[in-house]
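Single-structure report; data block below.
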Amino acid sequence: MDNYDIIVIGAGHAGIEAALASSRMGCKTLIITLRLESIGVLSCNPAIGGVGKGQLVKEIDSLGGEMAKAADRCGIQFRILNASKGAAVQSSRAQIDMGMYKDCMQLLLKAAPNLFIKEGEVKSLIVQAGRVTGVVTDRKEEITACCVVVAPGTFLDGLIHVGLKHFSGGRINEPASIGLAENLRQHGFNLLRFKTGTCPRLDKKSIDFTRLKIQEGDNPPIPFSFSTEKIRQKQIPCYITYTNNQTHNIILDNLNRSPLYAGIIKATGVRYCPSIEDKIVKFPERPRHQIFLEPQGYDTDEIYPNGLSTSLPEDAQLKILHSIEGLEEARVIRFGYGIEHTVVEPTQLYPSTETKQLKNLFLAGQINGTTGYEEAAAQGLVAGINAALRVKNKQPLVLDRSTSYIGVLLDDLTTKGTLEPYRMFTSRVEYRLILREDNADIRLRKIGYALGLVSERDFGKTQDKIKAIENGMNFLRQARIKPNEEINNLLKALGSAAIKKSVSLEEIIKRPQVSLADLKALSTVKLDIEESAFRQVEIEVKYAGFIQRQLKDVERFKHLEKINLPQKLDYAIIPGLSREIKEKLSRFKPLNLGQASRISGVTPAAISILLVYLKKYGQ
């Protein structure tokens with residue numbers, strides 16, 4: 001019988017990050033996948049990042065994960081989204097060469113220390129006295145381990161829909177994982193069914209790009225990883241087109257053939273990334289919807305028409321495509337489809353991603369009700385880290401809402417749950433001004449370094465950056481500028497008032513109209529600020545008041561988070577709590593008062609009662 005420290009089921013984004021983390025932390029790790037050649041495949045769109053998601057990728061990188069570095073190696077277009085808005089909502093996004101990304105991840109897994117790869121299907125878990133001790137494969141092999149991480153993506157009882165036809169599959173032309181979901185149900189897990197979908201893939205040679213709007217990336221491209229010095233590979237454009245009235249009429253005429261509207265699909269779909277038929281029905285007032293044409297790589301003719309996710313029949317998909325400007329002659333390489341898959345209700349997890357029902361079992365990715373590569377990778381990294389910490393008999397890593405987007409993601413899932421596929425947005429993050437992309441390394445690299453996942457060189461680089469920011473802030477406070485023609489002409493041109501007396505550079509930069517780059521152009525000002533700290537210094541100065549306010553909010557938040565709730569606390573005997581609240585607290589088993597306060601239906605009065613009870617009985 002084979003024995004490992006950790007078994008990871010699935011080799012998508014969650015599984016890869018989990019396996020790399022645990023193996024790099026010194027644990028003998030086995031990753032089991034249905035098909036070796038499918039390791040690291042981008043199942044849907046050829047992009048990484050986006051609003052809220054870019055922050056997750058930066059945090060994965062800061063903790064020692066791999067997604068950002070791989071994106072930098074394989075990125076064919078980089079853009080900062082919301083660049084014209086405030087720093088809190090700016091997010092990175094990169095178009096990815098899908099073939100390069102898959103190859104990159106496969107090479108990383110093969111080269112990782114302590115990591116073994118096996119092709120096969122896990123049918124069930126081995127459980128002894130409420131503790132997972134291994135898995136059983138489709139070949140009836142029993143493989144034992146201290147911990148198991150389940151990261152099956154959409155493969156868990158996956159059911160693919162194209163029009164009114166449906167068939168088993170985890171991804172097109174790939175088998176589903178059958179049996180494991182039922183095994184989880186047998187062990188007491190409450191399961192849900194969610195639905196996602198993907199777009200048709202088009203032949204680049206059949207598209208008339210001359211009629212489409214071109215969208216170039218940023219120049220120079222800004223890397224995802226804090227370790228990447230520069231993006232050196234060639235960058236290529238994307239294109240934009242739109243649906244129209246004819247498109248919408250075709251969709252409406254074929255709604256009776258949509259598995260979603262014919263009632264065949266019972267699962268809940270993605271609210272923030274709906275199918276094109278969903279968009280037309282739910283937003284009838286909109287005359288058009290944007291279609292973003294994304295190249296899938298340098299050496300492929302496949303184009304991904306982002307915005308055209310659909311499960312309509314193939315003939316209807318063709319009519320829809322041919323009604324859109326630039327796509328009148330488009331040839332389809334692969335049609336779009338919808339897919340239903342099984343989800344474990346995520347309130348059955350601790351924020352460490354370990355399950356409450358079974359000890360040493362960790363879940364990551366779409367099995368927890370999320371959608372998206374980035375959300376999956378973030379959970380996989382945390383699961384892999386915590387599985388390794390369990391093997392080493394160390395306390396788990398729990399990221400809270402004040403530390404990271406990853407902390408918000410896991411807290412939302414484990415305290416609030418989700419009745420639809422969960423997607424990360426900046427709007428979900430109450431402390432987003434201090435949880436920005438640009439300072440993810442400052443917030444989290446020390447944790448990654450302590451875990452052994454961040455190199456000494458990279459950690460040293462972050463320490464140098466922190467020092468450079470401090471020096472830059474001190475410089476702006478101390479350096480002064482006197483009124484002169486050059487500075488006042490600049491201020492006038494920027495729509496800001498002239499200065500009449502000597503002022504610090506900090507006071508000038510606090511003005512919303514003035515940037516450090518503006519001052520850099522002045523011959524009378526020499527900015528003694530290192531390039532690595534330039535942006536952070538400006539943000540810290542401009543948003544100083546707001547940042548201080550959020551830091552005070554975090555202090556109040558931390559107060560409740562520090563008051564731990566014993567896991568064996570009997571809520572049924574606490575006087576003053578309603579039956580509903582007692583039941584919810586008993587079911588959710590919150591780790592602390594902060595977590596308890598975020599459970600739906602748990603009132604501030606109930607938190608006060610808990611606080612009094614804990615003090616009275618010395619819990």
Side-chain angles (χ1 to χ4, degrees), residues 49 54-55 57-59 61-62 68 72 78-94 217-232 426 432-446 457-481 486-487 490-491 493-494 496 499 503-548 550-551:
Q55 281 86 341
V57 181
K58 293 275 190 179
E59 291 179 357
D61 180 64
S62 299
D72 288 345
F78 290 77
R79 290 178 63 223
I80 302 294
L81 306 184
N82 291 333
S84 62
K85 297 182 180 179
V89 296
Q90 292 177 9
S91 305
S92 298
R93 187 177 191 271
D218 294 341
N219 188 20
I222 299 173
F224 257 117
S225 175
F226 292 101
S227 304
T228 304
E229 297 294 336
K230 187 178 182 181
I231 302 297
R232 303 185 185 279
T426 55
R432 55 186 171 273
L433 188 52
I434 58 176
L435 303 181
R436 307 183 308 272
E437 271 200 0
D438 60 88
N439 67 6
D441 55 339
I442 295 171
R443 291 184 279 116
L444 299 173
R445 253 190 175 168
K446 58 183 177 292
R457 173 186 169 277
D458 283 342
F459 183 60
K461 190 176 174 182
T462 300
Q463 296 303 102
D464 291 342
K465 177 180 172 180
I466 293 170
K467 191 177 293 184
I469 293 169
E470 291 173 356
N471 292 339
M473 296 285 288
N474 288 332
F475 167 76
L476 289 180
R477 291 188 193 106
Q478 295 168 12
R480 303 188 72 80
I481 187 167
E486 186 184 35
I487 180 64
L490 173 67
L491 292 173
L494 295 172
S496 189
I499 59 172
V503 297
S504 70
L505 293 183
E506 182 182 39
E507 291 176 77
I508 295 288
I509 290 301
K510 279 185 177 179
R511 299 185 179 191
Q513 306 93 339
V514 186
S515 70
L516 273 177
D518 295 325
L519 294 189
K520 201 174 184 181
L522 295 175
S523 62
T524 51
V525 174
K526 180 170 172 38
L527 293 178
D528 188 14
I529 301 173
E530 290 183 34
E531 196 64 36
S532 64
F534 208 79
R535 185 161 183 262
Q536 286 75 22
V537 167
E538 182 165 29
I539 291 169
E540 291 291 332
V541 171
K542 281 197 178 297
Y543 296 97
F546 298 103
I547 289 172
Q548 287 305 312
Q550 282 207 351
L551 289 172

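Starting from 1, each residue takes its place in the sequence as its number. Worth knowing before you read on, the calculation uses all heavy atoms, side chains too, and leaves out hydrogens, waters and symmetry mates.
- Across all non-hydrogen atoms, the minimal contact from Ser504 to Arg477 is CB-O, 3.6 Å.
- Side-chain contact between Phe78 and Asp218 is absent, with no heavy atoms from C-beta onward closer than 4.5 Å.
- The existence of a salt bridge linking Arg443 and Glu59 is confirmed by a sub-4.0 Å separation between a basic side-chain nitrogen and an acidic carboxylate oxygen.
- Under the 4.5 Å side-chain criterion, counting only non-hydrogen atoms from C-beta, Asp458 is not in contact with Asp441.
- Val514 and Glu538 make their closest contact through O-OE2, 4.1 Å (heavy atoms, listed as atom of the first residue, atom of the second, distance).
- The closest donor-acceptor contact from the side chain of Asp72 to the backbone of Ser225 lies under 3.5 Å.
- Between Ile442 atom CD1 and Phe226 atom CZ the span is 8.0 Å, to the nearest 0.5 Å.
- Side-chain N/O atoms of Ser91 and Gln55 include a donor and acceptor closer than 3.5 Å.
- When all heavy atoms of Ala87 and Arg436 are compared, the closest pair comes out as CB-CD, 3.9 Å.
- Note that CG of Asp528 is 9.5 Å distant from CG of Leu476, once rounded to the nearest 0.5 Å.
- Within the 4.5 Å cutoff, the side chain of Gln463 has heavy atoms near those of the Ile466 side chain.
- When Ile469, Asp438, Asn439 are each tested for a side chain to side chain contact (heavy atoms under 4.5 Å, CB included) with Ile539, only one passes: Asp438.
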Quiz item: Are Ile481 and Leu519 close enough, and set up right, to give a side-chain contact (heavy atoms from CB on, under 4.5 Å), and what steps lead you there?
Solution: CA-CA 11 Å; Ile481 187 167; Leu519 294 189; 5.8 Å; no
Practice problem: Go through the steps for Glu531 and Lys520 under the test salt bridge (Lys or Arg N to Asp or Glu O under 4.0 Å), then give the verdict. | Solution: CA-CA 12 Å; Glu531 196 64 36; Lys520 201 174 184 181; 3.6 Å; yes
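- The shortest distance between side-chain heavy atoms of Gln550 and Ile547 does not fall below 4.5 Å.
- Shown here for Arg79 and Gly217, the closest heavy-atom pair between the two residues is CG-CA, 3.7 Å.
- Considering CD1 of Ile434 and CG of Leu551, their distance stands at 5.0 Å, rounded to 0.5 Å.
- Distance check: Ile509 CD1 to Arg511 CZ gives 10.0 Å after rounding to the nearest 0.5 Å.
- At least one side-chain heavy atom of Leu433 sits less than 4.5 Å from a side-chain heavy atom of Tyr543.
- For Asp518 (side chain) and Ser515 (main-chain N/O), a donor-acceptor pair under 3.5 Å exists by modelled atom type.
- Under a 3.5 Å cut-off, the side chain of Glu486 and the backbone N or O of Thr524 do form a donor-acceptor pair.
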Practice problem: Evaluate the side-chain contact (heavy atoms from CB on, under 4.5 Å) criterion for residues Val541 and Leu505: first the C-alpha distance (whole Å), next the side-chain angles of each, then the deciding distance (0.1 Å), finally the verdict. | Solution: CA-CA 10 Å; Val541 171; Leu505 293 183; over 6 Å; no
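- You'll find the side chain of Leu81 stays beyond 4.5 Å of the side chain of Val89, heavy atoms only.
- With rounding to the nearest 0.5 Å, the separation of CZ in Arg535 from CG in Leu516 is 12.0 Å.
- Between Gln90 and Lys85, the closest heavy-atom pair is NE2-O, 2.8 Å.
- Other residues, nucleotides and ligands contribute more than 12 heavy atoms inside 6.0 Å of the NZ atom of Lys461.
- Note that CD1 of Ile222 and CD1 of Ile231 are 10.0 Å apart. Values are rounded to the nearest 0.5 Å.
- Taking 4.5 Å as the limit, every side-chain heavy atom of Asp61 sits out of range of all side-chain heavy atoms of Phe224.
- Counting only heavy atoms from C-beta outward, the side chains of Val525 and Ile487 never approach each other to under 4.5 Å.
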